[in-house]
Amino acid sequence: MSGIESILKETRSFPPSDDFRQKAVIPGMEAYNALCDQANGQYLSFWGDMARELLSWKKPFSRVLDESAAPFFKWFDDGQLNVSYNCIDRHLAQNANKIALIFEADDGAVTRVTYAELHRRVCQFANGLKSLGIKKGDRVVIYMPMVIEAIVAMQACARIGAIHSVVFGGFSAGALRDRVQDAGARLLITANEGLRGGKGVPLKATTDEAIALGGCDTVEHVVVYRRTDSEPAWDANRDVWWHQLVEKQPEQCEPEWMNAEDPLFILYTSGSTGKPKGIQHSTAGYLLGAINSFRWVFDYRPNDVFWCTADVGWITGHTYVCYGPLGNGATQVIFEGVPTYPDATRFWRMIERHKVSLFYTAPTAIRSLIKLGADAPKQFDLSSLRVLGTVGEPINPEAWMWYYEVVGGGRCPIVDTWWQTETGSAMIAPLPGAVPTKPGSCTLPLPGVMADIVDESGAPVEAGKGGFLVIKKPFPSLVRTIWGDPERFKKTYFPEEFDGKFYLAGDSAHRDENGYFWIMGRIDDVLNVSGHRLGTMEIESALVANPLVAEAAVVGKPHEIKGEAVVAFVVLKGPRPQGDEARKVADNLKQWVAHEIGKIAQPDEIRFGENLPKTRSGKIMRRLLRSLARGEEIVQDVSTLENPQILQQLQESA
Ligand code: PRX
């Protein structure tokens, strides 16, 4: 890890105000330390008590953790419960008329849904799913815009024990097909169109295209929610309108009582090699992580209005839109559109309009909004804000300070939350009434999270030294397996290098003299573009699938707004293009990738060479490509390089 010495030195520290601390869920460092001591001393009863206190069980569990098949851990496994019951039904006695969702559409129209109304809609849709033959354990792929119905669909699956797999609406037909196929989905739920920034997104057409690609034979029906007036192509044997499906369904639906370890959902995420991994989460452990971390990290109180800007297609939209807030009976804003439409003040306008008190977004969004109007937040009354959160990638101290001062008025703790699709809920983050924050650090682990930084031998590294971020004990919301590939799960996350004992997060990090964690980036080839993980492999495969392309290698380089930008080095089957010709081919290939995977994966830059830098054994030397992409001088050892002259060519092609 010698290459990842930290260069960042940040000494500013921001403790919570006395007033904030006194009213907080975890009021001060003493309370935080007491919880950590409790977790360290009595790990199992710490989590067991929490699971009894925060979840409603149909049948109580008698055992907290079963480690006999490690790393396939089981939590609370003889207990029974239902996630949708926990997120909706149990609030009805006290809070039936409390607002659960404040939906702001792309055009600004607002719809409010109470817990009672949400219950009715979820039950009716769940009954609709049953009428299509969907039952416990069936997989349902949800390919929806960010609308109320996306959450209804997820909750309805949870209610009847179907395993949902949400695919982000920005993904292409090919990416959708791969996920449908891997999950073996019986049902697809989509909308005729989505609406983002005033434009239609043809979700149904893309769904049709995905199915036409073949390999989706398991899909029996496609349920289509009508979001706009556009008329999609229709297969009367397969397609069903959402509104017709729910029309005459009863308004009650008894929840399916699930075993604690039954899968709740699969969510695909990129790995460094091969196809996306179907991250499989459990029912009880996942829900406990979502509910508990929500109240701790956001210091949730019943009058709060929470807004997480993530789409339900990502893990953040699962844990901090669909499950965490509803599990706590919170009121939350959900937003269909984009932060820049009709203009770049949309977020600030919405915070003022809905009196948002807890706001959670990505560093990319913060950086792009600074650029579009650093003073814009000052035009709005943002005094309702209490806590500001970030997630998805490291936040640079400048953006952190702007968020703190200009958006939060110097009043609101910033919770920089480190976690992953695999961890299911926030792992390292300040508890805002306790832990003083430092710009750029995700601070300290939540009580009960045994995070550490180790070297290749598994030994903890000293303060200031970079190493592998690991978690040393199983915890409830951790990924249970990779769907259909338990071997890959073991190899990836509990590798033999550490005797299979630690969960390897795949990030490098260091700790400062106060024990604070600073995330330094991924240790594999995975890129982090706008807070979303992209496997280089997937982008390379897409490029090579183009008839012009012989070979491709993709690396990341730092990007002011997106965190990382995608740079592709491409060898064509024909001669190496130059000048205008190179620009034309590059543009075509960029569009090709956008079509094959989705716009998010589109390379920012494409460079052409007659070959790629390779070792004698034929391995592409990515570290050299990374230096080239960053415009750095090549100082690495190139003696194992078969074709050193290629470096100059690739350098010149910039
Ligand atoms: O590299 C870390 C980065 O995002 C990765 C996880 O990506 P994903 O599974 O898509 O989940 C994103 C939302 C939870 C991590 O391995 N990451 C996430 N949060 C942070 C972060 N890097 C630095 N600081 C964070 N707060």
Side-chain angles (χ1 to χ4, degrees), residues 4 6 8 10 166 168 170-171 266-272 276-279 281 286 289-290 293-294 297 308-321 323-324 360-367 388-397 399-400 403 414-430 437-446 449 451 453 466 468-471 477-479 482 492-493 503-510 516-535 538 556 558 562-564 600-601:
I4 50 171
S6 152
L8 195 73
E10 176 60 63
V166 183
F168 174 56
F171 276 129
I266 306 165
L267 182 63
Y268 286 86
T269 188
S270 299
S272 55
K277 299 176 283 198
I279 299 301
H281 278 289
Y286 169 80
S293 62
F294 177 75
V297 172
C308 164
T309 65
D311 188 280
V312 287
W314 310 109
I315 190 67
T316 309
H318 283 59
T319 307
Y320 300 109
V321 178
Y323 294 116
Y360 193 31
T361 195
T364 297
I366 297 169
R367 286 190 292 263
L388 297 171
T390 77
V391 60
E393 54 182 315
I395 178 164
N396 49 309
W400 195 103
Y403 200 28
I414 306 280
V415 291
D416 175 353
T417 61
W418 177 86
W419 59 295
Q420 310 176 291
T421 306
E422 292 87 342
T423 68
S425 58
M427 296 280 108
I428 309 179
T437 53
K438 297 185 190 184
S441 169
C442 52
T443 76
L444 301 173
L446 268 57
V449 173
I453 302 171
F468 300 102
L469 179 55
V470 296
I471 296 174
S477 70
L478 187 66
V479 47
I482 293 177
T492 312
Y493 301 118
Y503 169 77
L504 179 70
D507 282 351
S508 57
H510 75 276
Y516 276 43
F517 284 72
W518 298 77
I519 307 295
M520 295 155 72
R522 300 286 305 172
I523 53 176
D524 52 24
D525 290 331
V526 173
L527 307 184
N528 190 326
V529 179
S530 302
H532 302 307
R533 263 197 287 172
L534 296 176
E538 269 174 285
K562 297 195 282 190
E564 264 190 302
I600 181 168

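Ligands are counted one by one from 1 in listed order, and the atoms in each one are counted from 1 as well. The analysis underlying the following values was restricted to heavy atoms, covering all of them including side chains, and did not include hydrogens, waters or symmetry mates.
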(request) Please find out if less than 6.0 Å separates the ring center of Y323 from that of F294. (result) no

(message) Closer than 4.0 Å to some heavy atom of W419 - which atoms of ligand 1 meet that?
(response) 6 (C), 14 (C), 15 (C), 18 (C), 19 (N)

(request) Look at atom 25 (C) of ligand 1 and say which protein heavy atom is nearest, naming residue and atom and giving the distance to 0.1 Å. (result) E393 O, 3.6 Å

(request) Give a yes-or-no answer on whether the side chains of T417 and Y360 include a donor-acceptor pair shorter than 3.5 Å. (result) yes

(request) Write out the residue and atom name of the closest protein heavy atom to atom 13 (C) of ligand 1, then the distance separating them to 0.1 Å. (result) T316 OG1, 3.5 Å

(request) Among L478, V470, L504, I482, find the one that has a side-chain contact (heavy atoms from CB on, under 4.5 Å) with Y493. (result) I482

(message) Does any part of the side chain of I366, heavy atoms only, come nearer than 4.5 Å to the side chain of W400, both counted from C-beta?
(response) no

(message) Under 4.0 Å between a side-chain nitrogen and a carboxylate oxygen: does that hold for R522 and E393?
(response) no

(request) Just need the protein heavy atom nearest to atom 23 (C) of ligand 1, so name the residue and atom and give the distance. (result) P394 N, 3.1 Å

(request) Decide whether the shortest distance between a heavy atom of R533 and an atom of ligand 1 is less than 4.0 Å. (result) yes

(request) Just jot down the ligand 1 atoms closer than 4.0 angstrom to any heavy atom of N528, in number order. (result) 3 (C), 4 (O)

(request) Under 4.0 Å from a heavy atom of D416: give me the atoms of ligand 1 that qualify, with their elements. (result) 24 (N), 25 (C), 26 (N)

(message) Looking at E538 and R533, is any side-chain nitrogen of the basic one under 4.0 Å from a carboxylate oxygen of the acidic one?
(response) no

(request) Pull out every atom of ligand 1 sitting under 4.0 Å from any heavy atom of T417, numbered as shown with elements. (result) 19 (N), 20 (C), 25 (C), 26 (N)

(message) Can a side-chain donor-acceptor contact be found between S477 and S425 if the only test is distance below 3.5 angstrom?
(response) yes

(request) Write out the residue and atom name of the closest protein heavy atom to atom 3 (C) of ligand 1, then the distance separating them to 0.1 Å. (result) G392 O, 3.3 Å

(message) Taking 4.0 angstrom as the limit and counting only heavy atoms of V391, give me the atoms of ligand 1 inside it, by number and element.
(response) 13 (C), 14 (C)

(request) Determine whether the side chain, the backbone, both or neither of R522 has a heavy atom under 4.0 Å from any heavy atom of ligand 1. (result) side chain

(message) Restricting to non-hydrogen atoms, name the atom on T423 and the atom on H281 that form the minimum distance, rounded to 0.1 Å.
(response) C-CE1, 4.2 Å

(request) Select the closest option to atom 2 (C) of ligand 1 among I279, D507, L534, judged by heavy-atom distance. (result) D507

(request) Report yes or no: is the cationic atom of K277 (NZ for Lys, CZ for Arg) closer than 6.0 Å to the six-membered ring centre of Y268, at no more than 45° off its axis? (result) no

(message) Please check whether T269 reaches ligand 1 - meaning an N/O of the residue sits under 3.5 Å from an N/O of the ligand, judged on distance alone.
(response) no

(message) For C442, state whether at least one heavy atom is located under 4.0 Å from any atom of ligand 1.
(response) no

(request) Give the residue, atom name and distance (to 0.1 Å) of the protein heavy atom nearest atom 9 (O) of ligand 1. (result) T421 OG1, 2.5 Å

(request) For I519, counting its heavy atoms only, list the atoms of ligand 1 lying under 4.0 Å from any of them. (result) 22 (N), 23 (C)

(request) With F517 as reference, evaluate I453, D416, T443 under the side-chain contact (heavy atoms from CB on, under 4.5 Å) test and give the passing residue. (result) I453

